[in-house]
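A short worksheet on the structure shown next.
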Amino acid sequence: MIGANGRGGPREKMKVEDMNVFYGSFQAIKDANLNVAEHRVTALIGPSGCGKSTFIRALNRMHDLTPGARVEGRVMLDGENIYAPSVDPVTVRHRIGMVFQRANPFPKSIFENVVYGPKIHGLRSHKALVEVAEKSLRAAALWDEVKDRLNRSALDLSGGQQQRLCIARVLAVEPEVILMDEPASALDPIATSKIEDLIGELKRRYTVVIVTHSMQQAARISDSTVFFLLGELIEVGTTSEIFTRPKDKRTEDYITGRYG
Amino acid sequence: MIAGNANNAHRNESVALALLKSASAFFIVSIVVLLGYLTFEGTKLFTVDHKSIFEFLFSPTFSPDTGQVGAAPFILGSLFVTGFAIAVGGPFGLAVGVFFSELAPPRVAAAMKPAIEVLVGIPSVVYGWLGLTLLVPLIRNMTGSTGFGLLSAGIVLSLMILPTVISLAEDAMRVVPNSLREGSLALGATRWETISRVLVPAARSGLAVAVILGIARAIGEALAIQMVLGNSPTIPHGLLNAASALTSEIVMDMGGAIQGSVTQHALFSMALLLLLIAMSLIVLVKFVVRRAT
Amino acid sequence: MSRFRAIAALAAGALVLAPQVAYADTTITAAGSTALLPLVKSAAELYQNAHSDIHITVTGGGSNVGIAQVAARAVDLGDSDVIARNQPELVDHKVCVAGFSVLTHPGVGVKNLGKKQLQDIFAGKVTNWKQLGGADTKIVIINRPRTSGTRGVFVHTIMGGQALNESGLTEDATGTVIAAVKSTPGAISYAVFAGTKTSKDGHSSTLEGIAELSIDGVAPTEENVTTGKYPIWSYEHIYTHGPPNKDVSRFIAFIQSNSKLVHQLGYILTRDMKVTETDR
Amino acid sequence: MIQARRRFTDAFASGALWGAACFVVLMLAALVGYLIYLGGSAISWHFLTGMSSEMNAGGGVGPQIYNSFYILILTLVFTVPVSLAAGIYLQEYAATGWFRSAVQFSAESLATVPSIVMGLFGLLVFVQTLRWGFSALAGALTLTVLNLPALTRVTQEALASVPGTLREASMAVGGTKWQTVLRIVLPSSIGPLTTGIVLISGRIFGETAALIYTAGTSVAHGRAAYDLSPLRPAETLAVHLWYTHSEALIPDVTRIGNGSALVLLMMVLIFNVVARVVGRALTMHITRKA
């Protein structure tokens, strides 16, 4: 049995305890609790504005950058609270990488994009950087398409290629967890399916948490699914459970299309 | 494990932040030193030379060698040329700003706006030189006066504040939401009715700021008006009379003022007065903006 | 990061070192009287042609500017038409004598005025040339600013304690006074001979476009100055802060001894004077 | 009837606005044309490179042009790092707080200080108190304080034009704020940054009032005029235009004035065109947008 609760199944990689997120006086997440299993894909679904993006951004302290945002509660990574005062948010983000809704390559060459992370973390040798670039691009299933033009601007790539480049860029720093915030929402169906195939590959080495607006996508790629509504985490379960036997009426309504 | 394996990056981060902060602190230091120095030097006229502030502000005779330090001619001169500039250049600038925002077809705007930006960049001595070689003889021939005086200076200044007023007015109009435009036009209003009754009132605080900053630009201008004003340290009694302004008097007298002399103290008092006027205009801008939001 | 540190070090170094960079050669700076300016500037050009290792920069500003700046050690030489009073640290070098003309726009129709009439004009009591027997033209007084030594000499020798009327124009320098008188009908002002006269083949004549007035029938000529008949003249001084160094003192001697240049520019050698300043 | 009047008012008002705009542009064209007409005959290779002569006709403005560039570069050396740093701090770091407000208010206040008052300040501090005398360095430091606010604003606007998603991307791979700013945000804003710096350079080039009593109104004679020392009097072209007029000792003051005014105008035009062209080219190169 594959479960997000850790019983008998895979190891628990992350654990969210009593999380509340505020923007100023507005509460965007209310008392969320969640376990994230290692080497699994966890999908976050829910209608737009339900807080799933807010939630995923709280998992690697991206809210530190948002003026007025405040996160309460604990987020454990391998048993350590990433919000503890002694913890360096930069190191957190090194271990928990993130891919965003829209591809955001740097206005640099493809090569420079991929090796940006390793470089700032102190990798200097050109030979090592070249190796990292190839490895990451292969892992992101982009190598064959770009191996002859690594020095061209990343902005010359197509949207789907740019998004896979962004994934390669995250992979290059060898994170343990990869957060993805609707990574395929701006892509056409072919590019989307490439990204989905890639995610299936990634979970063998990484732990993946993904926000998606598409229930079909969640069903196709994830092992467990979390349903959010109005800032509340309504239900967690294996993907098959959530889509076939939701326990909560609200989950059922959403699954069956009553929220649009 | 999560904590502290990025010590190097961390140290850089705090060094960088310290540098950035000290660069920013330089601004505070600059304005404090500037204000301090000018306040210190600018009040010596009253504290060391024991002149009265009343005399400085209202007496019409400026002859520091004989102990008379009335700056009224210069204050009036500054106020007058600034008033003239804003009365002529203000409406004009606002009109052109509105034009760029509301009427100008994109291609026309694209062609004209670089011209306006060139106007901003022209050094004030060039404006002064043009005033001297073009405007002064013109006015001399038309009126029989010397050509130097308030009228020439006012015209030169009107031209100089145009770009400031134009670009700020345009910005003010552009931030008015499109829905207001569409809403008004949809009710059957003409374009002019939309501009005059809906958009201009909606942008009025921004337009006011444009005018205020135009005033700030005008009151601080020195050389362009010094070259055409005639520099007579007396209270002017007509548009065609030579006059002097706070800025132009500083230009004329500063080089020769002996350190520690009454003349130098009086000039610093005038500089301080200019600074206070300029800063109160900033406070006025803040007030206008705050009231609008 | 090392690159960043290097840049920071460079910037700091530049800030500290910049003021320490010294001149390679000797530099002499002079400022002050615009009445003496033609002489000092011409002398500087000649002197530098002969001594390429000496840099001389000369500016005007007015006599008080010269005195103020040399007192503040902002310049090496302070040029002045008037005596620096109560400044014992300044050493006076008399270089020559300068005569000053009262000049008018040529169209005013008056060639000679009495001292009293001049006072009335410059005090603002007489406002039209008609009142003095000239054309029906408004009188436009063109003054020099308070920092001007020319103005000081004029007030001292002519005004007899009366204050100048300042409602006309004020011009910064001798050159601008002359330009303004040329272009302004009815204008009257005062300026050094070196500005109002041109010299050709040893004969000096009034500059084109202006007119010079006689005072109580005495024409503004060098001879009338040396004999003391013409009232508006003064010694021209160059001040140094304390005794001058070798280079500065050589340059001052060069000016004082260059009688050809002094004559050519309309100044008068000190030794030619038959009267002294106290005679006035 | 009412409709017709409304339509007339509309047409009339539009016409007036068109007229006002055309008037301004025509005025500029007239000024430029007039200056070219006046100054065109004054400008020659000798005028641009020749030594200025204070007593005789036929002088040039070579040393003055050199000094203008010298002071411009010196000013940029001081201004650019400080205003980049302050701009970065205000835009990227300081969200709120008293320090930010104080810096912001100081910058706004500095921006309104009239340049002649700044010149007076420079005279007091650099020329008199520090005893540097009239010097290029005193002039450049005065111009630095004068132009810091504008350049900081330019920096802030340039940084603001960089999409936040790039900052997030850098953070998401473990980049610190400083690494993000230095390696991602600054390089991405190079286009508007360049445009802004060049435009402000144009203004520094033409600044006069702040320089008269700081950098002085004289140049040395002969090759000393091209001295590299920052501690020498350094009259710039714009100051020369003012000073030749105010001294008027040169016989051909009108010719020198006309020529200098035209050169200054041309420099402004060149700075404007360069700012636009180079800025746009850099932006295009970086963002791949036409």
Side-chain angles (χ1 to χ4, degrees), chain B residues 9 12-13 16-17 19-21 23-24 26-28 30-31 34 37-38 41 92 95-96 98-100 103-104 112 114-119 121-126 128-130 132-134 159 162 190-193 216 220 222-223 227 247 250-251 254-255 259 271 274-275 278-279 281-282, chain D residues 6-7 9-10 13-14 16-18 20-21 24-25 28 31 34 38 82 85-86 88-90 93 102-103 106-110 112-117 120-121 123-125 128 145 148 176-179 199 202-203 206-209 212-213 238 241-242 245 257 261 264-265 268-269 271-272:
Chain B
N12 288 349
E13 184 77 8
L17 186 58
L19 276 176
L20 296 181
K21 271 193 155 179
S24 308
F26 185 72
F27 284 76
I28 304 177
S30 299
I31 195 77
L34 186 83
Y37 245 121
L38 279 181
E41 293 288 332
F92 222 92
V96 179
V98 169
F99 170 80
F100 278 138
L103 286 185
M112 283 183 170
I116 305 293
E117 280 170 43
V118 169
L119 272 178
I122 296 180
S124 59
V125 270
V126 174
W129 182 256
L130 283 168
L132 194 68
T133 55
L134 191 61
L159 192 58
L162 270 183
T190 63
R191 205 149 47 160
W192 173 245
E193 286 160 348
L223 296 184
M227 288 166 88
T247 49
I250 295 174
V251 173
M254 199 58 218
Q259 240 181 319
L274 272 174
L275 191 65
M279 289 191 66
L281 288 173
I282 281 295
Chain D
R6 286 176 56 202
R7 209 163 296 148
T9 313
D10 186 49
S14 303
L17 290 182
W18 270 95
V24 170
V25 173
L28 175 76
L31 293 185
Y34 180 74
L38 280 185
V82 176
I88 289 170
Y89 178 73
L90 290 174
Y93 280 81
V103 172
S106 304
E108 284 165 20
S109 305
L110 275 181
T112 57
V113 175
S115 62
I116 183 68
V117 174
L120 216 55
F121 177 67
L123 171 72
L124 205 61
V125 175
Q128 294 181 347
V145 183
L148 273 179
T176 66
K177 194 141 201 164
W178 180 236
Q179 288 167 333
L199 280 178
R203 247 186 278 167
E207 177 56 46
T208 322
I212 291 172
Y213 294 123
L241 173 57
W242 177 79
H245 146 72
L264 283 169
L265 181 75
V268 170
L269 288 174
F271 274 113
N272 265 276

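By convention in this document, chain letters (A, B, ...) are assigned in the order of the sequence lines, proteins followed by strands, and residues within each chain are numbered from 1. These figures come from a predicted structure and were not determined experimentally.
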Interface check, chain D: of B:Val126, B:Val125, B:Val96, most non-hydrogen pairs under 4.5 Å belong to B:Val125
Could you tell me which of D:Ala102, D:Ala20, D:Gly202, D:Ala238 has the largest number of non-hydrogen atom pairs under 4.5 Å with chain B? D:Ala20
Just give me the residue among B:Leu134, B:Leu17, B:Thr247 that pairs up with chain D most often, heavy atom to heavy atom, under 4.5 Å. B:Leu134
Report which part of B:Leu159 has an atom under 4.5 Å of a heavy atom belonging to chain D: side chain, backbone, both, or neither. side chain
Against chain D, label B:Leu34 side chain, backbone, both or neither, depending on which of its atoms sit under 4.5 Å from a heavy atom there. both
Part of D:Ile212 within contact of chain B (heavy atom distance under 4.5 Å): side chain
Interface residue of largest heavy-atom contact number with chain D, from B:Pro123, B:Ala104, B:Ala115, B:Ser124, under 4.5 Å: B:Pro123
Of the backbone (N, CA, C, O) and the side chain (C-beta and beyond), which part of B:Ile28 lies under 4.5 Å from a heavy atom of chain D, both, or neither? both
What part of B:Ile122 gets within 4.5 angstrom of chain D, counting heavy atoms only: side chain, backbone, both, or neither? both
Looking at D:Phe121, is its backbone amide N or carbonyl O close enough to the side chain of D:Tyr213 to form a donor-acceptor pair, meaning the two atoms are under 3.5 Å apart? no
Give, as side chain, backbone, both or neither, the part of B:Ile250 having an atom under 4.5 angstrom from any heavy atom of chain D. both
Under a 4.5 Å heavy-atom cut-off, does chain B meet the side chain of D:Val145, its backbone, both or neither? side chain
